Structures are given as C-alpha cells and as structure tokens.
Amino acid sequence: MDQFIITSVLCGLLVIVMLVTLLYNVFEKEGRAIIVSLLSLVVVSVIYSVLYYINHTLINLIFNVSLTIFFVVLLLPIRNFGHNMTVPEKRIDERKTMFARMVLEPGSDRYNEFYKNNPDMIPLDEKFRSKPGLLDSEASKFHPLGFRAADASFFAIDRYKPFVDGEPNPIKEDLTDLDVSNFIKSWAVKLGAVEVGICELKDYHWYSTIGRGEEYGKEVDDSHKYAIAFSVEMDKDMVDAAPTTSIIMESAQQYLESGKIAIQIAQFIRSLGYNARAHIDGNYRLVCPLVGRDAGLGEIGRMGLLMNEKTGPRHRLAVVTTDLSLKTDRKKSNPAIEHFCSICKKCADVCPSAAISKNDREIIDGVERWQINSEACFTYWCQVGTDCGQCIRVCPFSHPDNLYHKMIRLLINNSVLFQYFALKMDDIFYGRRPKAKKTPKWVN
Ligand code: SF4
Ligand code: SF4
C-alpha cells in the first residue's frame with residue numbers, strides 16, 4: 001500500500017484522539033489542557049503537511065513504522081508491577097493519632113496525662129498549637145461563610161453520635177448472608193456510596209484504645225466479625241480549589257453523607273436483630289483505610305489515603321461493623337495503583353509542608369508503606385484553617401470517572417510502560433504542580 005495513505009490514516013487517528021481529548025478537557029473546564037490539546041492538533045497538522053509536501057516513501061515508511069511500534073509497545077500488557085501486600089503487626093492506639101491529639105484541651109487531665117506518657121510529642125504538637133487552628137478566623141484561608149458552613153456540617157455529624165451504636169431488636173431475622181449482603185451493598189449505592197465492599201475483620205483493623213469522646217482510654221470492643229466499608233465521592237469543583245474554604249466544606253459535607261449512610265445501615269442491621277456499629281467522622285473504633293483496602297475498595301497510596309479506581313483519593317470513607325453473618329468480597333489487589341504511586345510523586349511535589357515522602361515504601365510496624373508526616377500536615381491545616389487537600393487535588397487518579405479517564409485507568413492497569421507515558425501526559429496536560437482553580441463562584 002502507498003505509504004502516504006498509511007500516514008494519512010495514522011495522522012487521522014491521532015487527530016481523532018486529540019479531538020476527543022480536547023472535548024473532554026472543554027467539558028472538564030481544564031484550561032491548560034485545552035491549550036495543550038489545541039497545540040498538539042497544530043503539531044500533528046504541521047507534521048502531516050510536511051510529510052505531504054515532501055511526499056517521500058522512505059520518510060513516510062519510517063514515520064509509519066515508528067509511530068505504530070510506539071503505540072503497540074505502549075498497549076502491550078506488561079504487568080510486572082511488583083506487589084507485596086503486608087499487614088500491620090500491631091494495633092494503633094487511637095490516642096496517639098493526630099485527630100485525637102488535636103482535641104486534647106491544654107491543662108485538662110487527659111492532656112497532662114497524655115504528654116506525661118508521650119513527652120516526645122510535646123515539641124511536635126506545640127507547632128500546630130502555635131497556629132490559629134482549623135476553621136479559625138485568624139487562619140490564612142479564613143472565609144466568613146465557608147468556615148461557618150463547614151462548621152455547621154461538623155455540628156450535624158456530631159448530632160449523629162448517639163445513633164452510631166444501639167441495642168438490636170430482640171427478635172432475630174433468619175437471613176442468608178448472600179441476600180442480605182447484596183441488599184446492603186445495593187442500598188448503600190442507592191443512598192450515595194460509590195464503592196462498597198465487605199470483609200471479615202482482622203485484629204489489625206481495630207484501634208487498641210479509644211482516643212476520643214467519653215470513652216477515652218477504654219479498650220476497643222472488637223467483638224464484631226464483619227465490616228461493610230464504603231466511599232462517597234467528593235465534588236471535583238470543590239476539591240479543585242484546595243486549599244481554600246471549599247475543600248473543608250466538601251470534606252465536612254461528605255463526612256456527613258457517609259455518616260448518614262453508615263447510621264442507616266447500622267440501624268437497619270440492628271432492626272434485623274443483630275449488633276451493628278457505625279464508624280463515622282470523629283467516632284471510629286478502627287482504621288477505615290485498612291478496612292476499605294481489605295474490603296476490596298482500593299490500595300493505600302503514597303499520601304496515605306485509600307485510592308480507588310473510580311475516584312482515586314477524592315472520597316470519604318465510613319464503615320459499619322456487625323455480628324450479622326455477611327458474604328465477604330474477594331480482595332481485588334491492584335498493584336498497578338501502588339506502582340503508579342511509586343513513579344508519580346505528584347502529591348509529594350505539591351505538598352506545602354513536605355509531609356509526603358518522596359522515597360520508596362519502607363517497612364513500618366511490619367507493613368510496607370509510605371509514611372506521611374501527619375504532624376507537618378496538620379500544622380499546615382492549622383495555619384490555613386482548612387484540611388488543605390492539595391495532594392488530593394493534583395492526584396492523577398482524582399480526575400472524573402468518565403469514559404475518557406476510565407480508558408486511561410484501564411491502560412494504566414495494563415502496562416508499566418503506559419504508566420510512564422500517562423504520567424508524562426498528565427504533567428504536560430495538567431502541569432507537574434497544577435495550580436488550584438478558583439473557589440466555586442457561589443461559595444464566594
Ligand atoms: S499524586 Fe501520584 S503519588 Fe500521590 S497518591 Fe496520587 S498517584 Fe500516588
Ligand atoms: S493535606 Fe496538604 S499538607 Fe497534608 S499531606 Fe496533603 S498536601 Fe500535604
């Protein structure tokens with residue numbers, strides 16, 4: 001066949017891909033990516049015009065063969081991602097987590113006792129205590145309406161507290177685990193969950209000691225055998241303006257949504273005659289990302305958050321534990337996500353407090369993972385007054401879950417080589433350190 005006809009077909013295909021990319025970028029309001037798409041269309045047109053003008057069979061042949069080899073190699077299933085799923089050796093004491101330390105009242109008995117037992121944490125925590133604090137009017141991202149709106153959502157979440165647990169109906173329903181599990185999962189999706197999974201609880205899922213609320217210092221009751229974990233999506237426009245007020249409004253809103261669903265499911269299970277507890281914001285007895293991972297919702301990424309295939313880290317999690325017998329989901333290990341994290345490091349590059357490691361995963365308490373510096377991260381939160389979220393904003397897995405990005409994720413799961421290509425394209429189209437978008441107009 002005439003080499004120029006093949007050149008025309010290949011360039012035509014490239015133009016189609018670029019036009020589709022352009023359309024999606026317009027639809028997603030990605031200014032920089034729109035410009036890059038337009039420029040790439042111009043580049044292809046120029047190359048095609050030059051080849052047409054030269055009209056030399058050998059040059060066309062070299063162009064055609066190189067381009068074909070390049071794309072065929074990218075699409076080859078090369079899946080040596082490497083994966084070493086490890087589990088923690090011991091439980092975490094919730095009192096030592098950042099969220100428990102932040103609510104310690106200076107001068108209180110709890111405060112004095114905690115720092116007497118953990119003097120090494122005093123200098124670390126003094127740093128965040130020297131800053132204005134979350135949702136504080138002195139914080140640098142203070143927004144008079146947005147901060148109050150977020151506060152109102154946290155207020156509402158707090159009202160759910162009495163309903164996280166309760167007495168089950170004395171009359172037990174006789175149920176098949178498959179039917180009730182399917183019902184709960186479908187209902188959770190109907191209520192707004194994006195991903196739902198069920199797993200059997202392991203010792204390492206639970207905190208050892210309660211670190212917040214009235215039961216502070218008590219040993220965690222780990223009698224439940226099963227967990228239903230689910231995620232709810234955070235609105236992309238609200239996340240895209242991180243670290244301004246919209247991020248904390250959205251975090252609070254989705255904690256509220258996930259909390260509501262968890263309360264409904266827990267109450268439903270109790271009405272069937274079984275024990276159930278909702279684990280919602282500020283009221284956890286276990287480590288949600290670990291449960292989510294084992295329930296098949298995703299893998300834990302470089303920034304320490306659970307990353308799933310639909311929303312990346314752009315979600316909030318909640319869990320319901322129960323003694324009702326449930327059908328567990330097979331964990332769908334996705335080593336591709338971890339491998340992508342090992343080469344990407346975009347969140348680490350953008351983090352204003354250098355809290356995210358740029359190194360390889362390390363063994364910490366028996367688990368191979370990335371360790372985030374939660375003190376540095378939280379100190380930044382206390383400075384800006386929001387929960388920052390810039391790492392979530394820039395993550396290539398946070399793009400919308402539409403057909404275009406689904407295709408890219410499919411190819412990312414298929415090939416190590418494609419991962420390098422996709423990362424480079426993400427850097428070119430969106431920037432290595434993408435700037436925050438404007439806070440949605442209605443917020444301002
Ligand atoms: S930004 Fe990159 S390195 Fe960070 S969590 Fe997302 S994929 Fe992983
Ligand atoms: S929330 Fe902000 S400060 Fe914390 S790890 Fe992410 S980018 Fe860094």
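Since this is a predicted model, take the numbers as computed values, not measurements.
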For Cys199 and Thr328, work out which heavy atoms get closest and say how close. C-CG2, 3.7 Å
I'd like a table of donor-acceptor pairs (distance under 3.5 Å, sequence neighbours excluded) in which one partner is a side-chain atom from residues 158-168, with atom names and distances.
residue : atom : partner : partner atom : Å
Asp158  : OD1  : Lys161  : NZ           : 3.4
Arg159  : NH1  : Phe155  : O            : 3.3

Side chain [X], main chain [Y], donor-acceptor under 3.5 Å:
X      : Y      : answer
Trp370 : Asn359 : yes
Ser398 : Ile392 : yes
Arg32  : Ile428 : yes

Measuring from atom [atom1] of [X] to atom [atom2] of [Y], what distance do you get when rounded to the nearest 0.5 angstrom?
X      : Y      : atom1 : atom2 : value
Asp281 : Ser258 : CG    : OG    : 7.5 Å
Ile247 : Ser251 : CD1   : OG    : 4.5 Å
Lys327 : Asp177 : NZ    : CG    : 7.0 Å
Glu30  : Ile35  : CD    : CD1   : 11.5 Å
Glu138 : Cys382 : CD    : SG    : 13.5 Å

Under 3.5 Å, is there a donor-acceptor pair linking the side chains of [X] and [Y]?
X      : Y      : answer
Asp387 : Tyr380 : no
Ser271 : Asn169 : no
Asp235 : Gln253 : no
Arg285 : Tyr207 : no
His315 : Gln254 : no
Thr21  : Ser37  : no
Asp222 : His205 : no

Would you please classify the geometry between the [Y] ring and the [X] ring as parallel, tilted or perpendicular, with 30° and 60° separating the classes?
X      : Y      : result
His405 : His399 : parallel
Phe397 : Phe340 : perpendicular
Trp381 : Phe99  : tilted

Which is it for Phe147 and Phe142 under the ring pair (Phe, Tyr, Trp, His ring centres under 6.0 Å) test, yes or no, and what are the steps along the way? CA-CA 7 Å; Phe147 273 28; Phe142 173 67; 5.5 Å; yes
When Arg101, Arg129, Lys127 are each screened for salt bridge (charged side-chain N to carboxylate O under 4.0 Å, His left out) with Glu375, the one that passes is Arg101
Go through it in stages, so that I can follow the logic: the residues are Phe429 and Tyr24, the test is ring pair (Phe, Tyr, Trp, His ring centres under 6.0 Å), and I'd like the CA-CA distance, side-chain angles, deciding distance and then a yes or no. CA-CA 12 Å; Phe429 277 79; Tyr24 272 94; over 10 Å; no
Kindly write out the residues that satisfy side chain to side chain contact (heavy atoms under 4.5 Å, CB included) with Val44, not counting sequence neighbours, or none if the list is empty. Cys11, Leu14, Val15, Met18
Restricting to side chain to side chain contact (heavy atoms under 4.5 Å, CB included), what partner residues turn up for Pro440, sequence neighbours left out? Asp237, Met238, Ala241, Ser246, Trp442, Val443
Return yes when atom NZ of Lys437 has more than 12 non-hydrogen atoms of other residues, nucleotides or ligands closer than 6.0 Å, and no otherwise. yes
By salt bridge (Lys or Arg N to Asp or Glu O under 4.0 Å) - contacts of [X] (at least two apart):
X      : value
Arg79  : none
Glu195 : none
Arg369 : none

So that I can tick it off, tell me whether Glu338 and Arg361 are bridged by a salt bridge, with the cut-off set at under 4.0 angstrom between side-chain N and carboxylate O. yes
